[in-house]
Each structure stands twice: as structure tokens, then as C-alpha cells.
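Presented below is the structure to which this report refers.
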2 protein chains.
Amino acid sequence: MGKPNLSKGEMEIARVLWEIGPAAVRAVHEATCQQRDIDFSTVQTYLRRLEAKGYATSTLQGRIRIYAAKEKPQAVIRDTVNDLVTRLFGGNAMPLVRHLIEEQSIDADDISELKQLVSQLEETRNDSPEDRETRS
Amino acid sequence: MGKPNLSKGEMEIARVLWEIGPAAVRAVHEATCQQRDIDFSTVQTYLRRLEAKGYATSTLQGRIRIYAAKEKPQAVIRDTVNDLVTRLFGGNAMPLVRHLIEEQSIDADDISELKQLVSQLEETRNDSPEDRETRS
DNA sequence: TTGATTCACGTACAAGCGTACGTGTAGACT
DNA sequence: AGTCTACACGTACGCTTGTACGTGAATCAA
């Protein structure tokens, strides 16, 4: 029952939609082709499919059809990343985190944020009684 | 030139192949269906396609065909994650890291490793002269 | 030796995907 | 009014994916 999956191409367009908010095909196309050569019609098709799959809505504003994202990015991101972690890492998230930290471009600001995130996580762990059982 | 992409299903099988090393279809199937209900023939097809795409090799050992991964996991992981980061996060890796740390199951051991990784990264940054230009 | 089991291998087939063209029409320009 | 332009919408098409069946050969059990 959960909506059908998004393909890679569809995801790309969905992300742009989230980023720029409700927009006409042209706007989405312009934002997208900034980064990648892609035909107007192709974007249009993706938007149509996005709507067909329930990830976007659209209304006619005069003659122009305006598309808007329907699902929150969080949900889609969670599902997608979960799937990736399952298939490529057998369900264990750490290898992916490791990979990202080691191989991807993380700048100085990111490092401080990371440090913060980690300490935060540490705290949360300490005063959550649910984890008591973990301490065998 | 670069080998064609792996689909999700193919990736799943590729991961198993990396994990258990060179193996017959049956072994791969058994390892896989531990986690997911999947037909023997389906696994077989995936292995064939993996070979067709250049990600695996196979040889007949008697009557049994043994498949072995060809590419190193690293390369495939890098490409796949890169693609995901591009499409879903517009090329910025941090949101994904954040997501993983916040939403996925990271246990106590992982936290210490993370702390280590981050400090290591910090060091590397400090004595790498290449980054000098970054300091405007 | 005969029947059952186990494979490899070819084949299938519908749905999904990436990419795009063509046609018709509604405003914009002249 | 006539032409240009931009857009919606339908349609297309070859490729990939997910999933699997059937056939024939080889091996094992009796």
C-alpha cells in the first residue's frame, strides 16, 4: 500500500521540488538543468509520474500547471536510505557512515557539527532508561 | 566505458557475494534467502546479469558454476553513494551523515568509533597543505 | 538400471525507466 | 487578424528489472 518507490531520476526531480517549492515545469527544469543536461519534456514526464505515484500534486494556475511536493522529504529519505543500507550493507548503517566520513567532502564546519552530533547522541544514550538492558 | 550500474536487486546479490566469497548459486541463494524470500532462479539470473555487466566472473567447477565478485566493494559503494548523494541531497554529503546518525541505529561502540573518526579527520585536515587555499 | 534430485542455461514477460517527439491550443507580439 | 511561442498532454520506444518457468543433462539414491 505504501506508495511505489521512486526511481533515481524521479528522486532528483522530487528533490528539486522540495528545494524550490511549488513550481511550474519550466522552473523545475531550469533548476535541474543547472546541474545536469536534461530535456524539458523529460522533466515534465518525471513530474507527471511523481504525481501518478502520489508524491506530488498539481493544479492549473491559468494555463500553467503548478506542481507541489506532497510527501515530506524525511519520509522518502528514510525509506531510500534504509533500502540502501539493507541492500548494500546488509542492514548495518555504520559502514555507510564510515564511508561518508572518510571518502566524501566534509569541511571544517561539518566537522564541528559532527562532533556536536556525536556528543548529543552520547548524552541521549546515557539518560535513556530503555537502553538499560544493553548493559549485560 | 565504466561498467553499467547495478540495480538494487543486483547489489543485494553482489553484497552477498562479497561477504561469502566465491560460491555456487545455491550458496548465494541460501545466504540471501536468510534475510529475504527470493527464488533460486531469481538469484541465478542476478548472478548471470552481474557477470554480464562485468561485476563478477564465473567458472565451471565440475558441473557447478562458481561465481566470484570481480570489482572491489569500495568502488561500487563509492559510485552508488555518490549517486545517491547527488540525486537526493544535491551533492552535499552532510545531510546524509546527519540523517544516519540521527535516525539509524548507532550503538555505543559505534559512537566511540565515530568520535575517533572525527578527530582523525580533524587532524588530517590540519596538516594537509593542500587545503591551505581554503582559508580565504 | 531406473527414478528422483539438482543444476545450468535459455527463455519469458510484464512493469518500470529514461528520454523524448508531436499535436493542439492559448496567450503574446506585430 | 495572423504569426510566433510556450505549454499541456498524449504517446512512443527501446532498455532494464524483478521474477520466474521449463528443459535437458548430470548426479545420487535404491
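Order of the sequence lines sets the chain letters (A, B, ...), proteins ahead of strands, with each chain counted from 1.
- Among the atoms of the strands shown, none is found under 4.0 Å from any heavy atom of B:Arg87.
- When distances are taken from the side chain of B:Arg63 to each of D:dA8, D:dT27, D:dC21, the shortest belongs to D:dT27.
- Here A:Thr42 reaches the OP1 or OP2 of C:dA20: one of its side-chain N or O atoms lies under 4.0 Å away.
- Residues A:Glu10 and A:Asp39 each lie close to DNA chain C; by heavy-atom proximity, the contact nearer the 5' end of the strand is made by A:Glu10.
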Quick test: give all pairs of protein nitrogen or oxygen and nucleotides 12-16 of chain C nitrogen or oxygen below 3.5 Å, distance rounded to 0.1 Å.
none

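- Note on B:Ile38: nothing from the nucleic acid sits closer than 4.0 angstrom, heavy atoms only.
- Taking only side-chain nitrogens and oxygens, A:Tyr46 comes nearer than 4.0 Å to OP1 or OP2 of C:dT19.
- Counting distance only, with no hydrogens placed and no angle test, the side-chain atoms of B:Arg48 and the base atoms of C:dT11 include a donor-acceptor pair under 3.5 Å.
- The ring-ring contact (aromatic ring centres under 6.0 Å, His included) contacts involving residues 20-78 of chain A comprise A:His29-A:Phe40, where partners must be two or more places apart or lie in separate chains.
- Across the interface with DNA chain C, nearest-nucleotide mapping of A:Gly62 and B:Gln44 shows B:Gln44 to be the residue nearer the 5′ end.
- Rounded to whole angstrom, the span from the NZ atom of A:Lys8 across to the C1' atom of D:dT16 amounts to 12 Å.
- Checked for salt-bridge contact, B:Arg98 and A:Glu113 meet the test: a charged N lies under 4.0 Å from a carboxylate O.
- The side chain to side chain contact (heavy atoms under 4.5 Å, CB included) test applied to B:Arg78 returns A:His99, A:Glu103, B:Ala75, B:Asn82, not counting sequence neighbours.
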